[in-house]
Protein chains: 2
Amino acid sequence: MNQAAASRATMKDVAARAGVGLATVSRVVNGDAKVSEKTRILVDQAIADLSFRRNDSARLLRQGIAASIGVVLDDVADPFFSTLNRAVETQAIARKTLSMTASTGNDAAHAKELIVALCARRVDGLIVAAPHGTEESYLADEIRAGTPVVFVDRPPVALKADAVLSDNAGGARLGVQHLIAHGHRKIACLSDGSNLYSVRQRIEAYRQALAEAGIQAEPVLEHSDGHDGLDLGQWLEAADALPESDRPTALFCTNSRASVAVLRALRNRSGAEPGAPWPALLCFDDFELADVVQPGITVVAQDPAAIGAAAADLLFRRLDGDTGPASTITVPTRLIVRGSAETPPVSGRR
Amino acid sequence: MNQAAASRATMKDVAARAGVGLATVSRVVNGDAKVSEKTRILVDQAIADLSFRRNDSARLLRQGIAASIGVVLDDVADPFFSTLNRAVETQAIARKTLSMTASTGNDAAHAKELIVALCARRVDGLIVAAPHGTEESYLADEIRAGTPVVFVDRPPVALKADAVLSDNAGGARLGVQHLIAHGHRKIACLSDGSNLYSVRQRIEAYRQALAEAGIQAEPVLEHSDGHDGLDLGQWLEAADALPESDRPTALFCTNSRASVAVLRALRNRSGAEPGAPWPALLCFDDFELADVVQPGITVVAQDPAAIGAAAADLLFRRLDGDTGPASTITVPTRLIVRGSAETPPVSGRR
DNA sequence: TTGTAGGCGTTATCAT
DNA sequence: ATGATAACGCCTACAA
């Protein structure tokens, strides 16, 4: 019965069984017009008998393409990147292209290994969120060698290449202005991941928005991981202990990790009764259940699906032969008002 | 300068430039011992000059392996599957194996296309969450042809193959018992995705737990999508309108989509003041911020990372030649108490 | 319409 | 130690 467990039948086998030439089998398999009905049936029978399936790896090697792309992201389990990844995958599948995904863990050395491995497989192209500290020279080599690369979430630093980014500056600015419009002047800026390009952009925009509104920036109100030896919870405790006139009345979280940390800390505020008032809160990056938390969290939402789709578009355009200059696409962000940021500046007694 | 933009250098090119034979280049590239220092330097130089990089696709074709696996899941953007995916990827990378992921959207026909495409690429093996309605015959063919398949999240129905599952029954049973232990007898069972194997298992366990406790199952208290024409919000409204003696005092959500819907509905309960009491709530499947919502949501947590790791383990064991009988691994679930389920049965007046 | 032969970029088996 | 040469499984002129 199941005689062959190890190796699959090849076209040669099919040709032999059908008593025809190799090329004829190829023609049948590819639906090539010129083959007589008689031999087609013969071949189809042999194919069925041997349950032959064309080996696409061999086919693609011969044709010099891979019909697959590499997708290199910080972490495919992260909601932002997984959504981006899904959008890329959808575009790819529509073009009969498979995607090989790999997570860098934000480690530049690991990223390099992955990218090199992908290029060694001769993927048709690459979509990359390059970790901080990536030496781009090897990427430049790959691009020159003919593997187009589209950067996502962070632009290349010393490289002219396509990129798709969130409107970090615009979004952050809008968010901070929103807080200012609601009367806040003491606005803290909280970050976890301050070596990330996107986060740095947002912090910069925060400062600028303050300046534009004629508000003096105060370093005490800025907290980034690893900059003052405190974690976010400790920082909030310290802020609570500030004299009322210095205490922040609003919190701007520049990324979701900071947001989650802040939400947890606020939730567990020592000695607070359940309904104690929160400072105004505005988070960059939307998250599931942001509308369910009490109060609903106002956010500047990114659109990871749009980023992924745009990146795939760009990449496939290159694969289709577009040799135009490198372009950078900025994907808009959106302010979603849910209540947490629309409170007046009363410094919540804790 | 950049003369070659189109095609990369091949070993043949390197051999020519170094003035050596093809085989020698191969030896150098692979660090094969027997090659003189002199020629090695020569070849290395040529490699550098041409910035040659071995084409792994060709190499792997020759060696008859793919060094890559296929990962077919409902949706790589779903938190459960993306975490599972990440775990698989980690194991794969450790074995110098790349993973090609593909999302089925829970569509059996699409899943088949993806799997067939993956097998045509001759992936070494497959990790699959098969959509409901999958005809398994073609999978059986692939397995017979030598591509091992490990099922995740749902077992094969008419197939003897490896599988890694959550302890759906045990977890659901534990959860319902927890509610019962807190005095509840009117426990609703809410599902969104009732054609999913896992959800069906949980519903079944819910019924059994009730029966074991001597509680009469009441169909009115069970709601599944598409079974009564109501969405979850409407169902909750209807439940609120029930006479107090029939009204559920506790809610058991069998999956995260139901959980989210319920959380939203409870949050927006018509005419409820912010602090209005909730019924006891217990959700199957953990989620980010489950501890931040007020009250914290008690859940039966799954361990998608463990599932992914176990599946990869199983698959690689097969690839290493294990021909033992198919095994099914059940990954334990864990009850995480956070407050939402530990309230006595007072039917919250809305 | 059909078959033969050469090649895609490697590796593996022979000799030398 | 090194080099031809034949595979791997397929596609594609070119012939027949």
Side-chain angles (χ1 to χ4, degrees), chain A residues 4 6-44 46-47 50-67 117 119-124 145-147, chain B residues 4 6-44 46-47 50-67 117 119-124 145-147:
Chain A
S7 64
R8 297 181 183 243
T10 76
M11 279 196 180
K12 201 153 76 176
D13 300 329
V14 175
R17 188 171 227 277
V20 301
L22 200 52
T24 303
V25 177
S26 178
R27 292 191 186 96
V28 172
V29 168
N30 296 313
D32 215 1
K34 280 81 183 63
V35 47
S36 79
E37 198 56 24
K38 213 183 75 182
T39 51
R40 153 163 299 135
I41 291 174
L42 213 59
V43 172
D44 278 336
I47 287 178
L50 300 162
S51 60
F52 163 83
R53 187 88 53 72
R54 177 179 64 196
N55 181 334
D56 274 337
S57 297
R59 166 192 162 83
L60 293 167
L61 168 65
R62 174 61 225 262
Q63 302 194 147
I65 56 178
C119 288
R121 296 293 238 284
R122 296 294 189 271
V123 290
D124 298 323
T147 306
Chain B
S7 64
R8 299 180 181 241
T10 74
M11 280 195 178
K12 201 152 77 177
D13 300 330
V14 174
R17 188 168 225 280
V20 301
L22 197 54
T24 302
V25 177
S26 178
R27 291 194 186 93
V28 172
V29 168
N30 295 312
D32 216 0
K34 279 83 186 58
V35 48
S36 80
E37 198 57 22
K38 213 181 74 182
T39 50
R40 154 164 297 135
I41 291 173
L42 213 59
V43 172
D44 278 335
I47 288 177
L50 300 160
S51 61
F52 163 82
R53 189 89 54 72
R54 177 179 62 197
N55 181 334
D56 274 338
S57 296
R59 166 191 162 82
L60 294 167
L61 168 65
R62 177 59 228 256
Q63 300 193 148
I65 56 177
C119 288
R121 296 293 237 282
R122 295 294 188 272
V123 291
D124 297 323
T147 306

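Because the structure is predicted, anything quoted here is derived from the model rather than measured.
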Would you say dA1(D) has OP1 or OP2 under 4.0 Å from some side-chain N or O of Thr39(B)? no

Please confirm whether the shortest side-chain N or O distance from Thr24(B) to OP1 or OP2 of dG3(D) is below 4.0 Å. yes

Using a 4.0 Å heavy-atom cut-off across all strands, classify Ser57(A) as base, sugar-phosphate, or nothing. nothing

Report, as a single string ordered 5' to 3', how protein heavy atoms within less than 4.0 Å touch nucleotides 7-13 of chain C: B base, S sugar-phosphate only, - not at all. BBBBBB-

SB check Asp32(B) Lys34(B) (cutoff 4.0 Å): no

May I have the step-by-step check of side-chain contact (heavy atoms from CB on, under 4.5 Å) for Arg54(A) and Val14(A), ending in yes or no? CA-CA 11 Å; Arg54(A) 177 179 64 196; Val14(A) 175; over 6 Å; no

Non-hydrogen side-chain atoms of [X] and [Y] separated by less than 4.5 Å:
X: Thr39(A); Y: Val28(A); value: no
X: Val43(B); Y: Arg27(B); value: no
X: Ser26(B); Y: Asn30(B); value: yes

Let me know the distance between [atom1] of [X] and [atom2] of [N], rounded to the nearest Å.
X: Glu37(A); N: dT2(C); atom1: CD; atom2: C1'; value: 16 Å
X: Lys38(A); N: dT2(C); atom1: NZ; atom2: C1'; value: 12 Å
X: Ile47(A); N: dC10(D); atom1: CD1; atom2: C1'; value: 13 Å

Any sub-3.5 Å donor-acceptor pair from Asn55(A)'s side-chain atoms to Ser57(A)'s backbone N or O? yes

